[in-house]
Q: 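Sharing a structure here in structure tokens format.
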2 protein chains.
Amino acid sequence: MTQNQPPTIDDVAKVAGVSTATISRAINDPDKVAKATRDRINAAIDELGYTPHFGARAMASSRFKTVGAVIPTMANAMFASGMQAFQEALSEAGVTMLVATTGYDPEAELRQIRALMTQGASGLMLIGTERPEATRRFLNLRNVPHVLTWAAGPADEGVFAGFDNRRAAKSMAEHVLAMGHRKIAMIAGISAGNDRVAERIAGVRAAIEACDGAELVALAESPYLLQNAGDAFDEVWAAKPTAIIGGSDVLGAGAVVRARARGVSVPGDVSVTGFDDIGLSLVSAPALTTLRVPQIEMGRAAAEILLAQLAGGTPKSAIFETEIVERASLAPPRS
Amino acid sequence: MTQNQPPTIDDVAKVAGVSTATISRAINDPDKVAKATRDRINAAIDELGYTPHFGARAMASSRFKTVGAVIPTMANAMFASGMQAFQEALSEAGVTMLVATTGYDPEAELRQIRALMTQGASGLMLIGTERPEATRRFLNLRNVPHVLTWAAGPADEGVFAGFDNRRAAKSMAEHVLAMGHRKIAMIAGISAGNDRVAERIAGVRAAIEACDGAELVALAESPYLLQNAGDAFDEVWAAKPTAIIGGSDVLGAGAVVRARARGVSVPGDVSVTGFDDIGLSLVSAPALTTLRVPQIEMGRAAAEILLAQLAGGTPKSAIFETEIVERASLAPPRS
DNA sequence: CTGCAATATGCAAGCGCTTTCTACGGGGGA
DNA sequence: TCCCCCGTAGAAAGCGCTTGCATATTGCAG
């Protein structure tokens, strides 16, 4: 069974006995075609399994929109639900989404952006604010509508659908300090080329510096994997913190698991917090005190903003508040 | 700042002072263009921020490939890593991936397939084997290369990159029975329109029926959400099972969390198992005994198969073995 | 019946790119 | 010195579709 050439509009025209123009109209603007003709055309389309060719359409007209999203990885629950919401909102508007991933490599982003634009993406959803000069230049040169998510920043850096990572992390650190902890450790993601991580670290630092007697006794950077987070736990545990702030739920949960394995009680011997509020934080035992990131709302907002931009508008950033979700992994230090 | 028209190959040609044909060659087959000319062209491309228009390329040539993946949802770690692997393997081959989701609605699948094909997808990755007649007809009529994943089946149903859900579930049930359990409950996903779930249920049923004295005392179907899994736990717990087989890790972990909340000890009062082996199963306390599904391998295999099909070959299915991962949530019943 | 406005359909010109065929030089072998 | 061939670049024909404009039809008022 070889792959037969996909049927073209000409084939349909031949079968239906009308011109290609009529087929096109029957598809795009059915009212302009008489019912009888339309029925004949639809029958022909069904018979042939005809599907209009995107490239040709995109070329002949400019109303067929596609937008692209470039994210670090899909294998991270944190982005997954936001992307899901983004895609749902887009498809309600009849817009298709293209996804590409960078694997947290900032250099890869520009390549992927180009690839997506080549594919016809007329708008982009990007994560975070920091990017190489070459990427900014390209975006600027081509003046591509794009929305930045999972972060927030001044209006001159672009339009955001996100939240302030520094402020969020600061609030979490303040919460930990308010519990009475003074010797704090942090397990963050890899900060190189990741502004969200850098901001979170900065937020935690700021809170600790503002608090008399508090000290960041250890800071480890770890990939977003349970295993690595466990190793990072071992590393920071050596500094005897009374609380460990995790830069994500994966990191917090990984620390809890390793603590359990080491016979270290949470929150008895050490408190642990997470960040993101994904399912993992609930399953963890003890359940992780974490910071809820409004992923779904962010995804939807990003879609709405992008759609508005494509429609020629200049929508404002949507900055979301985060909130601390108190669960069992954080308690006052043993006195 | 309005969006200026994207530069076309003509613009580049004008700037570089050569014909469009030369530009095209410089991009697609650089060796055919003299170095000096090529440099001039590249400079012009950079200056203008030129990106070839996909539609036009796809139309003028047929070597620009895109493949589509239709999955139930991205917000499920189970698919996420497989998709990530799929996409990575594709992009190594220079093929772009388009993603669409159905939200577990079988009717939505055909719509998404059409949308993807319209977008230029020349191959598809689909989940599972069961689909409405209309979808099969379309696939058949258009003779679209496609690979089925997360499942396995006879060769006449298509080419698979997956595993046998029934056999896997059966092996898990047999493992539970071998531990001495006789009153078994199952928390499965929603079986309507989801062959993977139906197969897993069938596998569990088969194992139990083959075992004297064993009984499936309760079967609940639940969406893949922790909260719902908890409710399902309450439901099946009423039937006093000594072991609960979860149809996925989310389901198993949700059951464990709820059991903890109810003061039911796992595995003391009841054993619980998972399925998939995603991070969740490790974080759960006790860690979930589960069944490892080779998601990453499956994703890569799916990509390789699809690529081979697009290249005109007729690759064979890749069926993977699953393996039970013993952890702490399964123990012999209290005697 | 005729004439005219609608309404329904066809014609053909592109959209931006690739690719075949052709043209032009210039270098090396005879 | 002349030719031929190779390397390089241009001209032009589509790829499958949309759409403005032209051309039938049809229906209805007069």
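For the numbers below, each heavy atom of this structure counts, side chains included, while hydrogens, waters and symmetry mates do not. Here is the naming used below: chain letters follow the sequence lines, and residue numbers restart at 1 for every chain. These numbers were taken from a predicted model, which means no experiment stands behind them.
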Q: Would you mind reading off the distance between B/L48 atom CG and C/dG16 atom C1', rounded to a whole angstrom?
A: 15 Å
Q: Using whole Å, what does the distance between atom C1' of nucleotide D/dC17 and atom CG of A/D11 come to?
A: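 In whole Å, D/dC17 C1' and A/D11 CG are 13 Å from each other.
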Q: Should A/R25 and A/T37 count as side-chain neighbours, where that means a heavy-atom distance under 4.5 Å?
A: no
Q: Between D/dG16 atom C1' and B/M117 atom CE, what is the distance in whole Å?
A: 15 Å
Q: Could B/D10 and B/K14 be called an ion pair, given the rule that one side-chain N must be under 4.0 Å from one carboxylate O?
A: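 Answer for the salt bridge query: no.
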Q: Could you tell me the separation between the OH atom of A/Y50 and the C1' atom of D/dC17, rounded to a whole number of Å?
A: 7 Å
Q: With a 3.5 Å cut-off and sequence neighbours excluded, list the donor-acceptor pairs that the side chains of residues 83-95 of chain B form with protein atoms.
A:
| from | atom 1 | to | atom 2 | distance (Å) |
| --- | --- | --- | --- | --- |
| B/Q84 | OE1 | A/T73 | OG1 | 3.3 |
| B/Q84 | OE1 | A/M74 | N | 2.8 |
| B/Q84 | NE2 | A/T101 | OG1 | 3.4 |
| B/Q84 | NE2 | B/E88 | OE2 | 2.7 |
| B/Q87 | NE2 | A/T101 | OG1 | 3.3 |
| B/S91 | OG | B/Q87 | O | 3.4 |
| B/S91 | OG | B/E88 | O | 3.4 |
| B/E92 | OE1 | B/R300 | NH2 | 3.1 |

Q: Between C1' on C/dT19 and CD1 on B/I27, what's the gap in Å once rounded to a whole number?
A: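 Rounded to the whole Å, the gap is 14 Å.
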Q: Report yes if the side chains of A/Y50 and A/I27 come closer than 4.5 Å at any heavy-atom pair, otherwise no.
A: yes
Q: Using side-chain contact (heavy atoms from CB on, under 4.5 Å) as the criterion, point out the one residue from A/V33, A/V15, A/V18 that pairs with A/I23.
A: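 Per the side-chain contact (heavy atoms from CB on, under 4.5 Å) rule, the option paired with A/I23 is A/V18, out of A/V33, A/V15, A/V18.
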Q: Nearest-Å distance, CD1 (B/I45) to P (C/dG16)?
A: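 To the nearest whole Å, that distance equals 16 Å.
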Q: At under 4.0 Å between heavy atoms, how does the protein contact nucleotides 8-15 of chain D? Give one character per nucleotide, 5' to 3', with B, S or -.
A: SBBB--BB
Q: Through what angle, rounded to 10 degrees, does the axis of the helix from C/dC1-D/dG30 to C/dA30-D/dT1 turn between its ends, using five pairs per end?
A: 50°
Q: Measure from CD1 on B/I23 to P on C/dC17 and round the result to the nearest Å.
A: 10 Å
Q: Check whether any side-chain heavy atom of B/L110 sits under 4.5 Å from a side-chain heavy atom of B/F138, and report yes or no.
A: yes
Q: Are the side chain of A/D195 and the backbone N or O of A/T129 linked by a donor-acceptor pair below 3.5 Å?
A: yes
Q: What is the minimum heavy-atom distance between A/P145 and A/L306, and which atoms define it?
A: O-CD1, 3.9 Å
Q: Taking atom C1' of C/dA8 as reference, at what distance in whole Å does atom CG of A/D29 sit?
A: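 Taking CG of A/D29 and C1' of C/dA8, I get 13 Å after rounding.
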Q: For the residue pair B/L126 and B/T135, establish whether any side-chain heavy-atom pair is separated by less than 4.5 Å.
A: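 The answer is no; the side chains never approach within 4.5 Å.
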